[in-house]
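Right, one structure below, let's go through it.
Heavy atoms only: backbone and side chains are in, while hydrogens, waters and symmetry mates are out. Note that the structure is a prediction, hence the values are computed from the model and not measured.
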Amino acid sequence: QVQLVESGGGLVQAGGSLRLSCAASGRTFSRQTMGWFRQAPGKEREFVAAIHRNGDFTYYADSVKGRFTTSRDNAKNTVYLQMNSLKPEDTAVYYCAARDSYLTTSYYYTSWYDYWGQGTQVTVSS
């Protein structure tokens, strides 16, 4: 069983930056595709970013492209989401997710992932 624990959320002013981390348990991290999703109050969970298991391919939602960057350190079983130029509309609970496979075109869908973290709150004030 894989456990994912997010950290790094908080309150930040618009234009500021935050770096989220997601630490994974288990020995399969380097073989997993990792994703980031977010859910704002009253809205469905939406895709933010995904990274291939060796880190050489990344994908982003249009709403965060150019502002957010995901990376991973397989030696530390950790994936990161660097968020710059934050906007109030980025306010949400951010989740990391893992899938026991290489990256496919299904990375966008919540149902594709096998494991989820508990989420970390990000609040951007105007």
Check: With the 4.5 Å side-chain cut-off for hydrophobic clustering, are Tyr94 and Phe37 part of the same group?
Finding: no
Next item on the list: Identify, with sequence neighbours excluded, every residue that meets side-chain hydrogen bond (donor to acceptor under 3.5 Å, both in side chains) alongside Tyr59.
Entry: none
Next item on the list: Any pair with a residue in residues 83-123 that passes disulfide (SG to SG under 2.5 Å), sequence neighbours left out, goes on the list, sorted by first then second residue, please.
Entry: Cys22-Cys96
Next item on the list: Applying side-chain contact (heavy atoms from CB on, under 4.5 Å), run through Phe68 and Leu18 and close with a yes or a no.
Entry: CA-CA 10 Å; Phe68 291 11; Leu18 282 174; over 6 Å; no
Margin query: My understanding is that only residues two or more places apart in sequence, or in another chain, count here; which of them pass side-chain hydrogen bond (donor to acceptor under 3.5 Å, both in side chains) with Lys87?
Written below: none
Check: Excluding sequence neighbours, so at least two apart, what forms salt bridge (charged side-chain N to carboxylate O under 4.0 Å, His left out) with Lys65?
Finding: Asp62
Check: Got a sec, which pairs hit side-chain hydrogen bond (donor to acceptor under 3.5 Å, both in side chains) with one end in residues 47-58, sequence neighbours left out?
Finding: Asn54-Asp56
Margin query: For Ser21 versus Thr78, what's the shortest heavy-atom pair and its separation?
Written below: CB-CG2, 4.2 Å
Margin query: Distance check, rounded to the nearest 0.5 Å: Met83 atom CE versus Thr69 atom OG1?
Written below: 11.0 Å
Checklist line | Polar side-chain atom of Ser25 near backbone of Gln3 as donor-acceptor pair, under 3.5 Å | finding: yes
Would you mind writing out the side-chain donor-acceptor pairs for residues 103-113 within the sub-3.5 Å range, not counting sequence neighbours?
unit_1: Thr104; atom_1: OG1; unit_2: Ser106; atom_2: N; d: 3.1
unit_1: Tyr113; atom_1: OH; unit_2: Tyr107; atom_2: O; d: 2.8

Item checked: Contacts of type side-chain hydrogen bond (donor to acceptor under 3.5 Å, both in side chains), residue Arg72, not counting sequence neighbours -> Asn74
Margin query: Applying a strict under-4.5 Å side-chain criterion to I, L, V, M, F, W and Y, I'd like to know whether Val64 and Phe47 cluster together.
Written below: no
Next item on the list: Check for a donor-acceptor pair, side chain of Thr70 on one end and backbone N or O of Tyr80 on the other, with a separation under 3.5 Å.
Entry: yes
Note to self: Restricting to side chain to side chain contact (heavy atoms under 4.5 Å, CB included), what partner residues turn up for Asp114, sequence neighbours left out?
What the structure shows: Arg99, Asp100
Check: Minimum heavy-atom separation for Tyr95 to Gly117, with atom names?
Finding: CD2-O, 3.6 Å
Notebook entry, point to check: So, for Leu81 and Ala49, which heavy atoms are closest and what is the spacing to 0.1 Å?
Noted result: CD1-CB, 4.3 Å
Notebook entry, point to check: Which atom pair, heavy atoms only, marks the closest approach of Ala40 to Ala92?
Noted result: N-CB, 3.8 Å
Check: Who pairs with Asp90 by side-chain hydrogen bond (donor to acceptor under 3.5 Å, both in side chains), at least two apart in sequence or on another chain?
Finding: Arg38, Arg67
Check: Can you pull the salt bridge (charged side-chain N to carboxylate O under 4.0 Å, His left out) pairs that have at least one residue in residues 16-34, sequence neighbours excluded?
Finding: none
Notebook entry, point to check: Between OG of Ser30 and CG of Asn77, what distance do you get to the nearest 0.5 Å?
Noted result: 7.5 Å
Next item on the list: Work out which heavy atom in Val79 is nearest to a heavy atom in Ser71; give both atom names and the distance.
Entry: CG2-O, 3.1 Å
Item checked: Thr91: partners by side chain to side chain contact (heavy atoms under 4.5 Å, CB included), with sequence neighbours left out -> Gln121, Thr123, Val124
Notebook entry, point to check: Side-chain heavy atoms under 4.5 angstrom apart, residues restricted to Ile, Leu, Val, Met, Phe, Trp, Tyr: same cluster for Leu4 and Val93?
Noted result: no
Checklist line | Co-membership, hydrophobic cluster, residues Tyr60 and Val122, 4.5 Å side-chain | finding: yes
Next item on the list: Compare every heavy atom of Ser17 with every heavy atom of Asn84, then report the nearest pair and how far apart it is.
Entry: OD1-OG, 2.9 Å
Check: Sequence neighbours excluded, which residues qualify as side chain to side chain contact (heavy atoms under 4.5 Å, CB included) partners of Gln118?
Finding: Val5, Glu6
Note to self: Let me confirm one number: the NZ-CZ distance from Lys76 to Phe29, rounded to the nearest 0.5 Å.
What the structure shows: 12.0 Å
